[in-house]
Amino acid sequence: MNTAYYHLPGLFEFYELYRRFLPVFREHREYFYDWCDIGSIYGAPADCIWGGGRVGFGDDEPGKVFALMREYGISARLTFSNSLLREEHLADRKCSRLCAVLNESPGKNGVIVHSELLLSYLKKKYPGLYFVSSTTKVLTDFRELLREVRRDDFLYVVPDFRLNKAFDDLKKLSQPEKDKVEFLCNECCWFGCGDRKACYENVSRKNLGEDCADHICRAPDHDNGYLFSKAMTNPGFIGIDDIQSTYLPMGFSNFKLEGRSLGSAIVLELLLYYMVKPKDQLRVRELIYLDSMLDLF
């Protein structure tokens, strides 16, 4: 069976969580499914105008963050998926510096992009990085996904979650094409949403510092925010049984977990569900934070 490589959220946003989680993953591999591994951890610091998808809030020092990834041999990805960048934005010193540091770091590191302008710029200036086509492109037509997968620019392509179960088309991909597809597993967005691009563009404007109103979500039950239990009922949800019984045997290996805008407690629950054997989940909680003196209320 193929290995499932998880691409995890919160490179900067959840540094403290990963500082505790990764030693457990290395030292107690018996607690984790033997068919999974960590493919990358992605994210962006606060106030990055190239950022997209979510408004970043991570404030940990990049040197610390990248050093942690190097220590554990994990690919670091910058989420620079702003879809509205203009030529003048390419001169941003903060974002450029982050790319330069990552480009010089050992190992295979990358950038998640949407803008063709930014992609062209980064390819020329930072040739050591690989690139991921962002799910913010909202590729819901399989023909669009196929064209994107066949581009040499991208090592991975993240389709819209509504193509997750398009098995009749997915099974026709060649193995090199399957190796590039990275499925978004735990999206909570309404399956019938027609405003996904507009929502992402609103985030892009906010990251650029533009004065704009918040995007108004029209999805049913949108007031509840993100609930993993709700995501599990989404028609596009990919759970561990799906990964083991369908996607891995079909030849797919890459699975993305969303969660950069969530709290670290929820992200830990995602890690436990997708990576840790049920009988050992309490052990992992105890090693990370749970003790007999902890009061929640």
With no hydrogens and no angle check, is any side-chain donor or acceptor of Asp291 less than 3.5 Å from a backbone partner on Leu294?
yes
[X] vs [Y] side-chain heavy atoms within contact, under 4.5 Å:
{"X": "Arg77", "Y": "Ser40", "answer": "yes"}
{"X": "Leu129", "Y": "Leu122", "answer": "no"}
{"X": "Glu61", "Y": "Val65", "answer": "no"}
{"X": "Trp50", "Y": "Ser96", "answer": "yes"}
{"X": "Glu177", "Y": "Ser174", "answer": "yes"}
{"X": "Arg260", "Y": "Thr79", "answer": "yes"}
{"X": "Tyr33", "Y": "Lys277", "answer": "yes"}
{"X": "Leu227", "Y": "Ile266", "answer": "no"}

Answer with yes or no whether the side chains of Ser83 and Glu201 bring together a donor and an acceptor at under 3.5 Å.
no
For Ser75 and Tyr130, test the side chains for any donor-to-acceptor distance below 3.5 angstrom and give the result as yes or no.
yes
To the closest 0.5 Å, what do you measure between [atom1] ([X]) and [atom2] ([Y])?
{"X": "Phe228", "Y": "Leu262", "atom1": "CZ", "atom2": "CG", "answer": "10.5 Å"}
{"X": "Ser253", "Y": "Met250", "atom1": "OG", "atom2": "CE", "answer": "12.5 Å"}
{"X": "Asp37", "Y": "Ile74", "atom1": "CG", "atom2": "CD1", "answer": "8.0 Å"}
{"X": "Asn164", "Y": "Arg162", "atom1": "CG", "atom2": "CZ", "answer": "10.5 Å"}
{"X": "Gln244", "Y": "Thr246", "atom1": "CD", "atom2": "OG1", "answer": "10.5 Å"}
{"X": "Arg97", "Y": "Asp92", "atom1": "CZ", "atom2": "CG", "answer": "13.5 Å"}

Joint cluster assignment, Val132 & Leu85, ILVMFWY side-chain distance < 4.5 Å
no
Kindly work out whether a path of hydrophobic side-chain contacts (I/L/V/M/F/W/Y, heavy atoms less than 4.5 Å apart) joins Leu146 to Leu163.
yes
Charged N to carboxylate O below 4.0 Å: is that the case for [X] and [Y]?
{"X": "Glu16", "Y": "Arg20", "result": "yes"}
{"X": "Arg143", "Y": "Asp141", "result": "yes"}
{"X": "Arg285", "Y": "Glu269", "result": "yes"}

With respect to [X], which candidate in [options] satisfies the ring pair (Phe, Tyr, Trp, His ring centres under 6.0 Å) definition?
{"X": "His7", "options": "Tyr156, Tyr42, Phe255", "answer": "Tyr156"}
{"X": "Phe167", "options": "Phe252, Phe183, Phe142, Tyr247", "answer": "Tyr247"}
{"X": "Phe21", "options": "Phe32, Tyr289, Tyr31, Phe14", "answer": "Phe32"}

Nearest atoms (heavy-atom pairs only) where [X] meets [Y]:
{"X": "Asn186", "Y": "Ala231", "answer": "O-CB, 3.6 Å"}
{"X": "Arg151", "Y": "Lys137", "answer": "NH1-NZ, 4.3 Å"}
{"X": "Asp242", "Y": "Phe237", "answer": "OD2-O, 3.7 Å"}

Applying side-chain contact (heavy atoms from CB on, under 4.5 Å) between Val267 and each of Leu8, Leu17, Leu257, report the one that passes.
Leu17
Heavy atoms of other groups near Arg283 CZ, more than 12 under 6.0 Å:
no
Evaluate Phe25 against Tyr72 for ring-ring contact (aromatic ring centres under 6.0 Å, His included), listing each step before the verdict.
CA-CA 10 Å; Phe25 182 66; Tyr72 289 93; 8.8 Å; no
Quick one, Leu22 with Met69, criterion side chain to side chain contact (heavy atoms under 4.5 Å, CB included). Give me CA distance, side-chain angles, the key distance, then yes/no.
CA-CA 9 Å; Leu22 293 177; Met69 297 301 102; 4.1 Å; yes
What is the ring orientation for Tyr6 with Tyr274, classed by angle as parallel under 30°, tilted 30 to 60°, or perpendicular over 60°?
perpendicular
